Amino acid sequence: MEDSALPVAAAPARRAKRAAPAPTVTPAPAHLAAVRGPLLGWYDRNKRDLPWRRTKDPYAIWLSEVMLQQTQVSTVIPYWERFLTRFPTALALAAAPLDDVLAGWKGLGYYSRARNLHRAAQEVVSRFGGRLPATAEELLTLPGFGRYTAGAVASIAFGEEAPLVDGNVARVLSRLFEVEGLPGDREREATLWHLATALVKGERPGDFNQALMEHGATVCRPESPLCLLCPVRDACLAFRKGRVDELPPAKVRATPKKLTLALAVWPHAGTLLFARRADAGLFGGLWELPAAEVDEDLPAPEAATRLAAALGTEVKLEGALGTVKRQLTHRDLTLRLLRVSGPQRPTRTPAFQELRWCTPDEASALGMSTAMQRALDTALASGVLRGG
DNA sequence: AACACGTGGGA
DNA sequence: TTCCCAAGTGT
């Protein structure tokens, strides 16, 4: 292909009312063909052998897509297999208690995914007779299905020519078609979806979408992309212009906010007190050592008073058991372990959905965040249950 | 339309 | 150690 046939034509300049955003890009058919075929062929030869690529079960594929949201493949694999054994069908998932579902999700993060998955399974049963609908449009009406997941399930499980754009695809298309703009930019998103829509039309849409993502994950990587191995290098505008390293621009990240929680470590007869968090927000619906948000350097006695208020009962501070720190994407989390006791053991309070006294064994079966798991491990290591 | 929402791995 | 992320969705 000659340079004169440069495979992108800028659309007629859009009359932007305010800003002057990046022009919308209309891919020429020749450019589409120069990407589509080679990428699909490359995928056939180089795709990784991932467990969800061995099934045609829409439910299993759906599950993989939800677990893969913002989560790396290697992390997901064991979760996917375990979860599928425990909840083999949408019907089984819909019938399971949410607590069990959250326990199956324990440690995976972004727990609202599990909650939405569970709700969606129930809707699949009530609205669609237990079978996942086959179009992106219908899938989009279910909880936890955004534009990406709807396109992924529709194309991979049902063969619909439905586009998808995830982080990988955004990066690949930004480079191939020299799409400008920062992540999150409206115009940029529209252009990427426009390109993805044009590209996916044709044979094997599900495989093509996966090829796009696989290529982004393994070759067209964020750092040090392997352009020498790239099957679509000749069609890549960023490569031609030496702009691979500057596309797409890195996203700006907000500095994490500090969050300090005082945790009640309340031993009694071989058990500790646990509480279930509110459904919304951080670690929603998960179990924890009863927690109260406190100022960073609130003295322990006052922190214990906060816990007493949250538990709705008198509490005696027996000592501090140390601190656990966790870095979340948007939170700088500090967990302060306070050993407490009290004249009456609470069983229900307004601050928590539910309270429960559990042995370490029973606690291990609860849906709990990794952060809280670390705090619990620290508490147990201190010997609270051995009278130490 | 920003912002909230987790985690483990790699540089 | 510290930083950056990786197959997004909901509000």
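Numbered from 1 within each chain, the chains take letters A, B, ... in sequence-line order. Since the structure is predicted, the reported quantities are computational estimates derived from the model, not experimental observations.
If you check distances only, the side chain of A:Y110 does reach the base of B:dG6 with a donor-acceptor pair under 3.5 Å. For A:T329 and B:dG6, a side-chain-to-base donor-acceptor distance below 3.5 Å is present, hydrogens and geometry of angles not being considered. One cannot find a donor-acceptor pair under 3.5 Å joining the base of B:dG9 and the side-chain atoms of A:S74.
In this structure, A:I77 atom CD1 and B:dG8 atom P are separated by 16 Å, rounded to whole Å. Regarding A:H118, its NE2 atom lies at a distance of 17 Å from the P atom of C:dG10, rounded to whole Å. What separates CH2 of A:W105 from C1' of B:dT7 is a distance of 13 Å, to the nearest Å. Remark: P of C:dA6 and CG of A:L50 are 17 Å apart, rounded to the nearest angstrom. Rounding to whole angstrom units, CG of residue A:D332 and C1' of C:dC3 are separated by 13 Å. In this structure, A:Q327 places its CD atom 17 Å from C1' of B:dG10, rounding to the nearest Å. Atom-to-atom, CG of A:L102 to P of B:dT7 comes out at 13 Å; the value is rounded to the nearest Å. Summarising the geometry, the separation between CG on A:L68 and C1' on B:dG9 is reported as 16 Å, rounded to the nearest angstrom.
Neither OP1 nor OP2 of B:dA4 sits under 4.0 Å from any side-chain N or O of A:R331. One finds no side-chain N or O of A:R113 lying less than 4.0 angstrom from the OP1 or OP2 phosphate oxygen of B:dC5. Applying the 4.0 Å criterion to OP1 and OP2 of C:dA6, one finds that A:T71 has every side-chain N and O outside that range.
Within the 4.0 angstrom heavy-atom criterion, only backbone atoms of the sugar-phosphate kind lie near A:A371; the bases stay farther away. No contact: A:V169 has no heavy atom under 4.0 Å from any strand. Residue A:E223 is out of contact with every strand shown, counting any heavy-atom pair closer than 4.0 Å. No engagement by A:G184 is indicated, since no non-hydrogen atom pair under 4.0 Å with the nucleic acid exists. A:R277 comes within 4.0 angstrom of no nucleic acid atom, judged by non-hydrogen atoms across all strands. The residue A:L282 sits close only to the backbone: its heavy atoms come under 4.0 Å of sugar-phosphate atoms, none of a base. Here A:L108 lies in heavy-atom contact (under 4.0 Å) with a base. Note on A:W52: a base of the nucleic acid sits closer than 4.0 angstrom, heavy atoms only. Among the atoms of the strands shown, none is found under 4.0 Å from any heavy atom of A:R119. Residue contacts shown for A:K257 are limited to sugar-phosphate atoms, with no base heavy atom under 4.0 Å away. Using a 4.0 Å heavy-atom cutoff across all strands shown, A:L140 reaches no nucleic acid atom at all. At a threshold of 4.0 angstrom between heavy atoms, the contacts of A:G216 with the nucleic acid are absent.
Here the separation of B:dC5 from C:dA6, taken at their P atoms, is 22 Å to the nearest Å. The same atom, P, is picked in B:dG6 and in C:dT11; the two are 14 Å apart, to the nearest Å.
Here A:T329 pairs with nothing under the side chain to side chain donor-acceptor pair (under 3.5 Å) rule; sequence neighbours left out.
For A:E203, the CD atom is loosely surrounded, since the number of other residues' heavy atoms within 6.0 Å does not exceed 12. Applying the 6.0 Å contact sphere to CD of A:E314 captures no more than 12 heavy atoms from other residues, nucleotides or ligands.
The side chain of A:H330 sits closest to B:dA4 out of B:dA4, B:dT7, B:dA1. Nearest nucleotide to the A:Q72 side chain, out of B:dG9, C:dG8, B:dT7: B:dG9. Checked against B:dT7, C:dC5, B:dG8, the side chain of A:K251 finds its nearest nucleotide in C:dC5. Distance from the side chain of A:Q70 is smallest for B:dG6 among the nucleotides B:dG6, B:dC5, B:dT7. For A:L328, whose side chain is taken as the heavy atoms from C-beta onward, the closest listed nucleotide among B:dG6, B:dC5, C:dA6 is B:dG6. Taking only side-chain atoms of A:S369, from C-beta outward, the nucleotide of B:dT7, B:dC5, C:dT9 with the closest atom is B:dT7. Comparing B:dT7, C:dG10, B:dG6 by their nearest atom to the side chain of A:N116 picks out C:dG10. Side chain of A:P222, nearest nucleotide from B:dC5, B:dT7, C:dA6: C:dA6.
Under the 3.5 Å distance criterion, with hydrogens and angles disregarded, a donor-acceptor pair is assigned to the side chains of A:E138 and A:T135.
Aromatic ring pairs are classed by plane angle as parallel below 30°, tilted from 30° to 60° and perpendicular above 60°; the pair A:Y59 and A:W62 is perpendicular.
Of the two residues near DNA chain C, A:A250 and A:G144, the one whose nearest nucleotide lies more 5' is A:A250. Residues A:R326 and A:A254 each lie close to DNA chain B; by heavy-atom proximity, the contact nearer the 5' end of the strand is made by A:A254. Between A:P143 and A:R48, the one whose closest nucleotide on DNA chain C sits nearer the 5' end is A:R48.
One finds no salt bridge joining A:D332 and A:K257 here, because no Lys/Arg side-chain nitrogen approaches an Asp/Glu carboxylate oxygen to under 4.0 Å.
Side chain of A:R188 to main chain of A:S174: no donor-acceptor pair is present (N/O by atom type, distance under 3.5 Å, no hydrogens or angles). A donor-acceptor pair under 3.5 Å is absent between the side-chain atoms of A:K251 and the main chain of A:G184, judged by distance alone.
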